[in-house]
2 protein chains.
Amino acid sequence: MAETAVETLASVLRTRILSGELAPGTPLREEALSSEYELGRHTIRAALRQLGGERLVSIQPYSGARVTLLDDDDVRALMQLRSALEGEAVRLLNRRSDDTTLAGIHTANDELRRACLDSPTDRARIERAHAALHHAIVDAAGSPRITDAHARLEAESILFLAQLRHVLDAEEMIRQHDQLVGDLLIRGEDAIHEHLERAADQLIAARAADH
Amino acid sequence: MAETAVETLASVLRTRILSGELAPGTPLREEALSSEYELGRHTIRAALRQLGGERLVSIQPYSGARVTLLDDDDVRALMQLRSALEGEAVRLLNRRSDDTTLAGIHTANDELRRACLDSPTDRARIERAHAALHHAIVDAAGSPRITDAHARLEAESILFLAQLRHVLDAEEMIRQHDQLVGDLLIRGEDAIHEHLERAADQLIAARAADH
DNA sequence: GCTCGCAGATTGTGTAACAATCAATGGATG
DNA sequence: CATCCATTGATTGTTACACAATCTGCGAGC
């Protein structure tokens, strides 16, 4: 059955990164990981290389690996991809749009609201709920292919959310998503395009502000 | 200035894979690469792990790395992403649609036709031209963010083309793209959605045929 | 205060060795 | 003759050690 050490390590680190425990920018030192997990340095390096290929960590020669900090271009490219894909999902959704398919979206939005109100400081929970809502929207389109395609962007999207933490408080999070869900049927794809573009703009503007 | 050995190796292998010199399914043996490039096995392994993260090679425990063979689900997810993105590009394109922006598309299509007629056996050249045409369509939308997002899918798209080789001959390639370019302005995004879906279906059907 | 250079820390790469697993070969058996 | 199983050879997975290459921060000297 043999899951190799490199694979398990990569998957553990991936989880720690996506949960926000390892924040974007955090350095990942080989010796530290080596003694923490009791694995040889080469094993660590292989796992880091793999995560590098997945864009979850960035590797600078002779300076080491750190959790990826998405730069402005990364953010815009990622959001454009999501925008195109989620927009397509919404278009399909509005073509079928029976009430049962929308139930999942409202449930997910309620869950997000509850997370924001119950535990506004537990960002990991909020981010999971946030990702789940967007996932639900894509799912509601009823195309397994779109769901697959969206899943491929999910890891990086969560990385984006981890950076958005300091920009968007829980209240604003609720407000924006209530509006999104309310507008979905009326304004269609434009609603989600705007929603995603606003998020990207907010992060980029906030970063420009602390110059 | 120090480009590390792992990086150069990864980039050399990437090029060889995307040029089609290393066909999908080809095994990549560590010892062989080690003596071919005169590098230690660990260096090879690190590069392979990175390419694994980029999805260009698939690594099976204790059985080694091979150039990724996209399965049906991979193909559908990739095409759905491209479809959403290129569809978005076409929508933008038709909103501006001045003649100069279209010139690039026609040039690229002419180049593709020339490649198919001049050297129908030089698949690498045809694939470059093919990728360039789709790239030109996305470029014509005039949004650098969409271009960025599309670039991220390009490597895997070329991998898809490498597998499409045995399914689509040069003649059919010309026909489908002449139709696509002709329909772009009239039918808009639907034209490109159909174009991409047909390509995916053809590959999947052909594979089902040799069971 | 600034620059230079040195020293320590960290990463990059290689070699050697061995364990773990796979794959194919070949017999033993029905 | 076909089938199953075991052995063997090839390949990958992992480690330890060594050393080179490079970065980084700190202090000496100006």
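Values below: all heavy atoms of this structure, side chains included; hydrogens, waters and symmetry mates excluded. To find a chain, count down the sequence lines: A is the first, B the second, and so on, and within it residues start at 1. Values in this document were obtained by computation on a predicted structure and should not be read as measured data.
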Self-check item: Set of salt bridge (Lys or Arg N to Asp or Glu O under 4.0 Å) partners for Glu38(A), sequence neighbours left out
Solution: none
Exercise. Can you run down the ring pair (Phe, Tyr, Trp, His ring centres under 6.0 Å) pairs that involve residues 8-27 of chain A, sequence neighbours left out, and say none if there aren't any?
Key: none
Quiz item: Can we say Asp74(A) and Arg152(B) salt-bridge, meaning some charged N sits less than 4.0 Å from an Asp/Glu carboxylate O?
Solution: no
Would you mind writing out the side-chain donor-acceptor pairs for residues 132-145 of chain A within the sub-3.5 Å range, not counting sequence neighbours?
{"unit_1": "His134(A)", "atom_1": "ND1", "unit_2": "Arg82(A)", "atom_2": "NH2", "d": "3.4"}
{"unit_1": "His134(A)", "atom_1": "ND1", "unit_2": "Glu86(A)", "atom_2": "OE1", "d": "2.9"}
{"unit_1": "His134(A)", "atom_1": "NE2", "unit_2": "His130(A)", "atom_2": "NE2", "d": "3.2"}
{"unit_1": "His134(A)", "atom_1": "NE2", "unit_2": "His177(A)", "atom_2": "NE2", "d": "3.4"}
{"unit_1": "His134(A)", "atom_1": "NE2", "unit_2": "His195(A)", "atom_2": "NE2", "d": "3.4"}
{"unit_1": "His135(A)", "atom_1": "ND1", "unit_2": "Glu154(A)", "atom_2": "OE1", "d": "3.3"}
{"unit_1": "Asp139(A)", "atom_1": "OD1", "unit_2": "Thr147(A)", "atom_2": "OG1", "d": "2.9"}
{"unit_1": "Ser143(A)", "atom_1": "OG", "unit_2": "Arg145(A)", "atom_2": "N", "d": "3.4"}
{"unit_1": "Ser143(A)", "atom_1": "OG", "unit_2": "Ile146(A)", "atom_2": "N", "d": "3.2"}

Quiz item: Mind checking what makes side chain to side chain donor-acceptor pair (under 3.5 Å) contact with Thr107(B), not counting sequence neighbours?
Solution: none
Exercise. Quick one, give me the B/S/- string for nucleotides 9-14 of chain D, reading 5' to 3', where B means a protein heavy atom under 4.0 Å from the base and S means that only happens at the primed atoms, P, OP1 or OP2.
Key: --SBBB
Can you tabulate the close N/O pairs, meaning under 3.5 Å, that link protein atoms to atoms of nucleotides 5-8 of chain D?
none

Practice problem: Could I get the full list of salt bridge (Lys or Arg N to Asp or Glu O under 4.0 Å) partners for Asp72(A), not counting sequence neighbours? | Solution: Arg207(A)
Quiz item: dT13(C) P sits how many Å from Tyr37(B) OH, rounded?
Solution: 15 Å
Quiz item: Excluding sequence neighbours, so at least two apart, what forms salt bridge (Lys or Arg N to Asp or Glu O under 4.0 Å) with Arg125(B)?
Solution: Glu111(B), Asp118(B)
Practice problem: Could you note down all residue pairs passing salt bridge (Lys or Arg N to Asp or Glu O under 4.0 Å) where residues 50-62 of chain A supplies at least one of them, sequence neighbours left out? | Solution: Arg14(A)-Glu54(A), Arg55(A)-Glu156(A)
